[in-house]
Amino acid sequence: MRNILPLLALGLLTACAAPEPQTKTLREAFDGQFLMGCAINVDQSSGRDVVGDSLIVRHFNSIVAENCMKCELIHPEPDRYNWEDADRFVEFGEKHGMTIIGHCLIWHSQCAPWFFVDEKGDTVSAEVLQQRIKDHIQTIVGRYKGRIRGWDVVNEAILDDGTYRQSPFYRIMGDSFIPWALACAHEADPDAELYLNDYSMAKPAKRQAYVDLVATVQASGLRLDAIGMQAHAGMDYPDMTEMERSMQAFIGQGVDVQFTELDVNALPNVFAAGNENAAVENNFEYNQRMNPYPDGLPDSVQTAWNGRVQALFDLALKYSAHVRRVTVWGVYDQQSWLNDWPMHGRTNYPLLFDRQYRLKPVMDKYLTASAQ
Ligand code: 9MR
């Protein structure tokens, strides 16, 4: 009996919370402008999250893997790959006719520890790391050749001050690991789009560093389709004028842009002003004052939050000729990483669907506009 209870509860929850059918969907609202994507987790790609899946299939035409393609999960040991979750993710996208995005091939975080050391535990040479990057990328990209539209090839390589992150990749290979990763991915699937992806893209120093990097990559004749601007936003960051300047700068450099991980943190900002970021390693001690809305957002905060979301979507629409995709980082509020980051255990409201799985009114403006 004890084992059945959670299932009964889930069934009840599913029955009560099944979303109202709406006449228009997000993907229809932005049809012809950009793809409407979402990150999905393994409960969703495996069909365990029935309600989540109904929203994903109805409202989105693109998916990206929230976690299951990250190095430590998909390639935990030198000669061992875990394909099960990634295969399911790709099959889910194919079954529903979606544009499938791979995330992410080279990232300092969640990289399997074996990647940088030899059997004695000593740091490997640049040549060895080069070969490992090549094997890793070509095995993964090769497996899904022709099925995945594009890859976040390198994630978060540059710091907010515009300098290169001192990751093991950088320390061992210098900045050459970036063009090398792009070249390996292109060789494995010449038709796949290739992206560099990062947060805090509105910061001028970081913008300039990416403009310079794009120029270097282009000068080498390598494929680079778009810059992924993660767009993890808060109530008072980023400055939307700076965000727009970054879009203009990347587009001006000859690449497209996309918002790849959009969400808007509705809670008080725990970072010092100007230091906001989306570095997953941040972890502030829990503080009740920083979790002020466990029962829902007050109207004034909701209104301000709506304004932030609309500012981002309005920017995407304004530059839609060069915006391939807007992807939100999750579907409904209670599944968001922002309930536990950068402070564990808060109740956050960062996504487009609420805790009752309803599409938030913030999107009405676009649904209506698309109907005319
Ligand atoms: O949302 C992801 C969370 O579930 C993971 O625990 C975390 C670490 O792998 O990564 C989160 O996604 C990150 C993305 O892969 C890269 N940009 C920042 C995202 C939020 O941390």
Side-chain angles (χ1 to χ4, degrees), residues 37-46 48-49 52 56 62-76 82 85-86 89 100-113 115 140 148 150-160 165 167 169 181 195-203 206 210 226-234 237-238 257-267 269-271 275-284 312 325-346 348-353:
C38 63
I40 73 171
N41 61 31
V42 288
D43 282 341
Q44 293 162 342
S45 46
S46 66
R48 285 192 294 270
D49 180 359
I56 294 164
S62 176
I63 52 169
V64 62
E66 183 176 7
N67 286 310
C68 69
M69 290 179 155
K70 291 173 181 171
C71 177
E72 72 177 3
L73 294 172
I74 203 168
H75 193 182
N82 281 330
D85 288 336
F89 160 75
I100 306 168
I101 305 297
H103 171 88
C104 46
L105 295 169
I106 297 296
W107 187 29
H108 67 283
S109 190
Q110 269 69 46
C111 188
F115 221 97
I140 298 172
I148 288 200
W151 286 94
D152 290 335
V153 179
V154 178
N155 196 34
E156 301 172 4
I158 291 179
L159 295 173
D160 290 4
R165 181 185 297 281
S167 68
F169 292 109
Y195 322 124
L196 301 176
N197 195 50
D198 215 322
Y199 56 76
S200 299
M201 289 299 222
K203 294 196 174 170
K206 196 156 186 169
Y210 268 100
I227 291 292
M229 305 170 75
Q230 291 185 4
H232 291 295
Y237 65 91
V257 294
Q258 41 204 11
F259 292 161
T260 51
E261 303 185 12
L262 190 152
D263 47 26
V264 178
N265 189 333
L267 301 183
N269 182 5
V270 299
F271 291 96
N275 283 343
E276 301 86 1
N277 60 63
V280 74
E281 56 272 14
N282 284 301
N283 184 10
F284 291 79
L312 287 165
R325 171 171 56 93
V326 172
T327 288
V328 284
W329 204 243
V331 183
Y332 48 85
D333 284 339
Q334 65 268 45
Q335 70 161 119
S336 168
W337 71 298
L338 289 171
N339 292 298
D340 291 306
W341 182 96
M343 186 176 278
H344 191 79
R346 298 199 294 175
N348 213 331
Y349 306 88
L351 293 171
L352 300 184
F353 291 83

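Note that the structure is a prediction, hence the values are computed from the model and not measured. Start at 1 and go down the list; that is how both ligands and their atoms are numbered.
Put simply, CZ on Phe353 and CG on Leu351 are 10.0 Å apart, with the number rounded to the nearest 0.5 Å. One distance of note links CG of Asn275 with OG of Ser200; it measures 9.5 Å at 0.5 Å rounding.
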Write none if no such pair exists; otherwise list each N/O atom of ligand 1 with its protein N/O partner under 3.5 Å and the distance.
residue: ligand 1; atom: 1 (O); partner: Glu66; partner atom: OE2; Å: 2.5
residue: ligand 1; atom: 1 (O); partner: Trp329; partner atom: NE1; Å: 2.8
residue: ligand 1; atom: 4 (O); partner: Glu66; partner atom: OE2; Å: 3.3
residue: ligand 1; atom: 4 (O); partner: Asn67; partner atom: ND2; Å: 3.0
residue: ligand 1; atom: 9 (O); partner: Asn67; partner atom: OD1; Å: 3.4
residue: ligand 1; atom: 9 (O); partner: Lys70; partner atom: NZ; Å: 2.9
residue: ligand 1; atom: 9 (O); partner: Gln110; partner atom: OE1; Å: 3.1
residue: ligand 1; atom: 10 (O); partner: Lys70; partner atom: NZ; Å: 2.8
residue: ligand 1; atom: 12 (O); partner: Lys70; partner atom: NZ; Å: 3.3
residue: ligand 1; atom: 12 (O); partner: Trp329; partner atom: NE1; Å: 3.2
residue: ligand 1; atom: 15 (O); partner: Lys70; partner atom: NZ; Å: 2.7
residue: ligand 1; atom: 15 (O); partner: His103; partner atom: NE2; Å: 2.7
residue: ligand 1; atom: 17 (N); partner: Glu156; partner atom: OE2; Å: 2.9
residue: ligand 1; atom: 17 (N); partner: Gln230; partner atom: OE1; Å: 3.3
residue: ligand 1; atom: 17 (N); partner: Gln230; partner atom: NE2; Å: 3.4
residue: ligand 1; atom: 17 (N); partner: Glu261; partner atom: OE1; Å: 2.7
residue: ligand 1; atom: 17 (N); partner: Glu261; partner atom: OE2; Å: 3.4

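Aromatic ring centres of Phe115 and Trp107: separated by at least 6.0 Å.
Counting only heavy atoms from C-beta outward, the side chains of Glu261 and Asn197 approach each other to under 4.5 Å. The side-chain heavy atoms of Asn155 and Gln230, taken from C-beta on, include a pair separated by under 4.5 Å.
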Step by step, would you call Thr327 with Arg325 a side-chain hydrogen bond (donor to acceptor under 3.5 Å, both in side chains)?
CA-CA 6 Å; Thr327 288; Arg325 171 171 56 93; 2.8 Å; yes
